[in-house]
Amino acid sequence: MDTKYIFVTGGVVSSLGKGIISASLACLLKARGYRVTIQKFDPYINIDPGTLNPYEHGECYVTVDGHEADLDLGHYERFTNVNTTKANNVTTGRIYQSVIDKERRGDYLGKTVQIIPHITDEIKRNIMLLGNTGNFDFIITEIGGTIGDIESLPFIESVRQLRWELGQDSLCIHLTYVPYLHAAKELKTKPTQHSVKLLQEAGVQPDILVLRTEQDIPADMRHKIARFCNVSPDAVVQSIDCSSIYEVPVMMHTQHLDEIVLRKTGIIPKGEPHMEPWMQFLDKMHKATETVNIALVGKYVELQDAYKSINEALFHAATHCDHKLNLTSIHSEKITPENVGELLDGMDGVIVAPGFGQRGVEGKLTALEWCRNNDVPTFGICLGMQCMVIEFARNVLGLKDANSTEMNPSTKDNVIDLMEEQKNLSNLGGTMRLGAYECRLKPGSTAARAYGTTHITERHRHRFEFNNAYRKRFEDAGMKCVGENPSAQLVEVVEIPGKRWWVGTQYHPEYSSTVLNPHPLFNSFIKAAIAFKQEKAKENHSENKN
């Protein structure tokens, strides 16, 4: 069959959940046996999110081919088990850069370069790129921003042109907001009507409306919206608040969103989507009664999306282990030697988050020293792993000045140092070690047992590395380097075998965790935390008995 293109736009306000709706639809279509992928087009002028502050943009997600991408790509992968690449996330900055590069080369033969056709043609080329591979039956394209934003106009114009060119092989889903006014005790449809009107003024008629709401929208109100927006009544569905984002695919299926999409693209729906594994995950999630208490130590913990992939990977693993996740976020800047015990006592496991820069590092080191001394299951990721190394160097090896040259360029003991190939680079954009790299694990190590293999591939996002000049001293003192890149001999995983569970990874395992395939390291960490909790409960029971 010809590739079908589904465009997802949003109106009224941002953060309605276009990414979750796109991922949920992809999940349903994939469960029906179709080959599906999702791409995100963002209207900001940055080339990619790699240099964006988490306070502005949340987490930066990394694809297997080393592209720094929007965090929605994490949702896409978690819902579909399909890896994304650079082609799945395109910004206005990349579009304009490509067009300007072509103009400089003379590709336009001296013509005036304009928004139409040159920018819109480049947008259309990128939209169609994945479809041209022949690997997918459906390409879902999420257009970032809100209809009416000036920066989104070239993308909406490109969608208008493609809708005309593709005919029945394309459709538009418009996600909008139906607010409930508590004072009037009424749902209001006017914002949706105005949002659709703006989209229509740009030349795009939505085929399906998804109404984001906190209250159930009566059938007669949905019919009213359909009538005013030129949409068939059966193509108006609601997206009401759920207790978990992982319930959204099921909610969309109960309203026949996948069937509506198939019919509107000329396909007769047959049977039901194969959702049994997904339903088993939801069943575990709903039935879990025991709780595992995990502390996440980082410097962006007040931001909901700064550690999105870590939060979700922990949730996947806890659910897989039949437990509820009780995640406590602790700001590393607020941790001191005086309060660390109070903050971390009672935790079944501690995860030390990645990041960049000096801020909050001393708090992470204090937390790690307390966890190591009290033998609490501890997981360090990227900078978290580097902090494990620094803390061990200072407090076990006696190297009191030990540090990363990122934090202190003049440190006498640079146990973490800049990669040689990075030392002469000044441009921050895209200069890190990015994407998937091989790692060989030592047989019998905690990591190897977790993975069930000694040969793995994981994604990276960093510039600084473990300094191999100190490797023997660390290993002689009890911290083992159990994972390394086979070609560069760079240390990827450190462990302290004598502890309950003490693992640091230079890579980011959280990027690979999905609903149907929770990451093995997170599974192992959560199991260790549960075992520690049970051990403490037995000790408390024995003490009370005595």
Side-chain angles (χ1 to χ4, degrees), residues 1-11 16-41 72 75-76 79-82 88 127-128 130-131 135-143 147 156 159-160 162-176 192 195-196 199 204-212 217 222-223 225-226 229-240 242 245-275 278:
M1 66 182 241
D2 293 334
T3 301
K4 312 292 184 181
Y5 292 84
I6 301 168
F7 302 103
V8 180
T9 58
L16 287 179
K18 292 192 302 294
I20 299 299
I21 293 298
S22 299
S24 297
L25 176 58
C27 175
L28 291 170
L29 292 173
K30 191 166 181 286
R32 285 183 173 274
Y34 295 104
R35 300 168 300 163
V36 188
T37 192
I38 321 175
Q39 53 189 353
K40 173 82 178 282
F41 281 68
D72 274 322
H75 290 311
Y76 302 165
F79 277 63
T80 64
N81 270 2
V82 176
N88 292 82
I127 288 174
M128 303 290 286
L130 289 167
N135 294 328
F136 302 105
D137 301 313
F138 285 91
I139 310 286
I140 300 173
T141 303
E142 178 191 345
I143 305 297
I147 188 67
I156 300 300
V159 171
R160 183 197 69 79
L162 283 172
R163 292 295 315 280
W164 182 257
E165 294 166 17
L166 293 167
Q168 197 179 27
D169 286 338
S170 73
L171 61 80
C172 175
I173 298 173
H174 190 55
L175 178 64
T176 183
T192 290
S195 174
V196 173
L199 191 59
V204 178
Q205 169 61 47
D207 300 281
I208 300 169
L209 293 180
V210 177
L211 309 177
R212 188 76 175 85
I217 302 173
R222 295 201 298 272
H223 277 74
I225 290 170
C229 296
N230 297 338
V231 175
S232 57
D234 66 341
V236 179
V237 302
Q238 65 176 356
S239 175
I240 200 164
C242 294
I245 58 173
Y246 301 119
E247 293 177 327
V248 177
V250 178
M251 179 178 67
M252 289 296 103
H253 178 60
T254 60
Q255 297 179 83
H256 312 291
L257 179 62
D258 49 328
E259 296 168 44
I260 298 166
V261 165
L262 291 174
R263 288 196 184 97
K264 287 187 176 293
T265 53
I267 301 170
I268 299 173
K270 294 179 182 178
E272 290 288 310
H274 176 64
M275 293 292 287
W278 194 276

*Would you please name every residue forming a ring pair (Phe, Tyr, Trp, His ring centres under 6.0 Å) with F136, sequence neighbours left out?*
none
*Mind checking what makes side chain to side chain donor-acceptor pair (under 3.5 Å) contact with D72, not counting sequence neighbours?*
K40
*asked:* Going by salt bridge (charged side-chain N to carboxylate O under 4.0 Å, His left out), name the residues that satisfy it together with E247, two or more places apart in sequence or in a different chain.
replied: none
*asked:* Could you check whether any side-chain heavy atom of L25 comes within less than 4.5 Å of a side-chain heavy atom of I173, counting everything from C-beta outward?
replied: yes
_Pairing residues for H256 by the side chain to side chain donor-acceptor pair (under 3.5 Å) criterion, not counting sequence neighbours_ = E259
_Determine whether a donor-acceptor pair (N or O, by modelled atom type, separation under 3.5 Å) exists between the side chain of Q255 and the backbone of Q238._
yes
*With no hydrogens and no angle check, do the side chains of D169 and T3 hold a donor and an acceptor under 3.5 Å apart?*
no
*What residues, two or more places apart in sequence or in another chain, satisfy side chain to side chain donor-acceptor pair (under 3.5 Å) together with R263?*
none
*Using a strict cut-off of less than 4.0 Å between a Lys/Arg side-chain nitrogen and an Asp/Glu carboxylate oxygen, indicate whether K4 and D137 qualify as a salt bridge.*
no
_V231 versus Q205, closest heavy-atom pair with distance_ = CG2-NE2, 3.8 Å
*asked:* Applying salt bridge (charged side-chain N to carboxylate O under 4.0 Å, His left out), can you list everything that pairs with R222, at least two apart in sequence or on another chain?
replied: none
*For the residue pair I127 and I139, what are the closest heavy atoms and their distance?*
O-CG2, 4.5 Å
*Shortest non-hydrogen contact from I6 to V261?*
CD1-CG1, 3.6 Å
*What residues, two or more places apart in sequence or in another chain, satisfy side chain to side chain contact (heavy atoms under 4.5 Å, CB included) together with D207?*
R163, L171, C172, K264
*asked:* If you define the side chain from C-beta out and look only at heavy atoms, does anything of V204 sit under 4.5 Å from F7?
replied: no
_Going by the rule salt bridge (charged side-chain N to carboxylate O under 4.0 Å, His left out), which residues pair with K18 if we only count those two or more places apart in sequence or in a different chain?_
none
*asked:* Once ring pair (Phe, Tyr, Trp, His ring centres under 6.0 Å) is applied, do any residues pair with F79, and if so which ones, sequence neighbours excluded?
replied: Y246, W278
*asked:* If the test is side-chain contact (heavy atoms from CB on, under 4.5 Å), which one of V248, T254, V250 qualifies with M252?
replied: V248
*So, S170 side chain and L166 main chain: donor-acceptor pair closer than 3.5 Å or not?*
no
_Between Y76 and E142, a side-chain donor and acceptor under 3.5 Å_ = yes
*asked:* Using every non-hydrogen atom in the two residues, find where T80 and C27 come nearest and quote the distance to one decimal.
replied: CG2-N, 4.2 Å
*side chain to side chain donor-acceptor pair (under 3.5 Å) partners for N230, two or more places apart*: none
*side chain to side chain contact (heavy atoms under 4.5 Å, CB included) with E165: which residues, sequence neighbours excluded?*
K124, Q161, L162
_Partners passing side chain to side chain contact (heavy atoms under 4.5 Å, CB included) against N135 (at least two apart in sequence or in another chain)_ = T133
*Over all atoms of both residues, closest heavy-atom pair of N81 and K30*: CB-NZ, 4.5 Å
_Can you give me the closest heavy-atom contact between G11 and S195, atom names plus distance?_
CA-OG, 3.2 Å
_A side-chain contact here means heavy atoms from C-beta on lying under 4.5 Å apart; do H75 and I20 qualify?_
yes
*Between the main-chain N or O of L16 and the side-chain N or O of R212, is there a donor-acceptor pair closer than 3.5 Å?*
yes
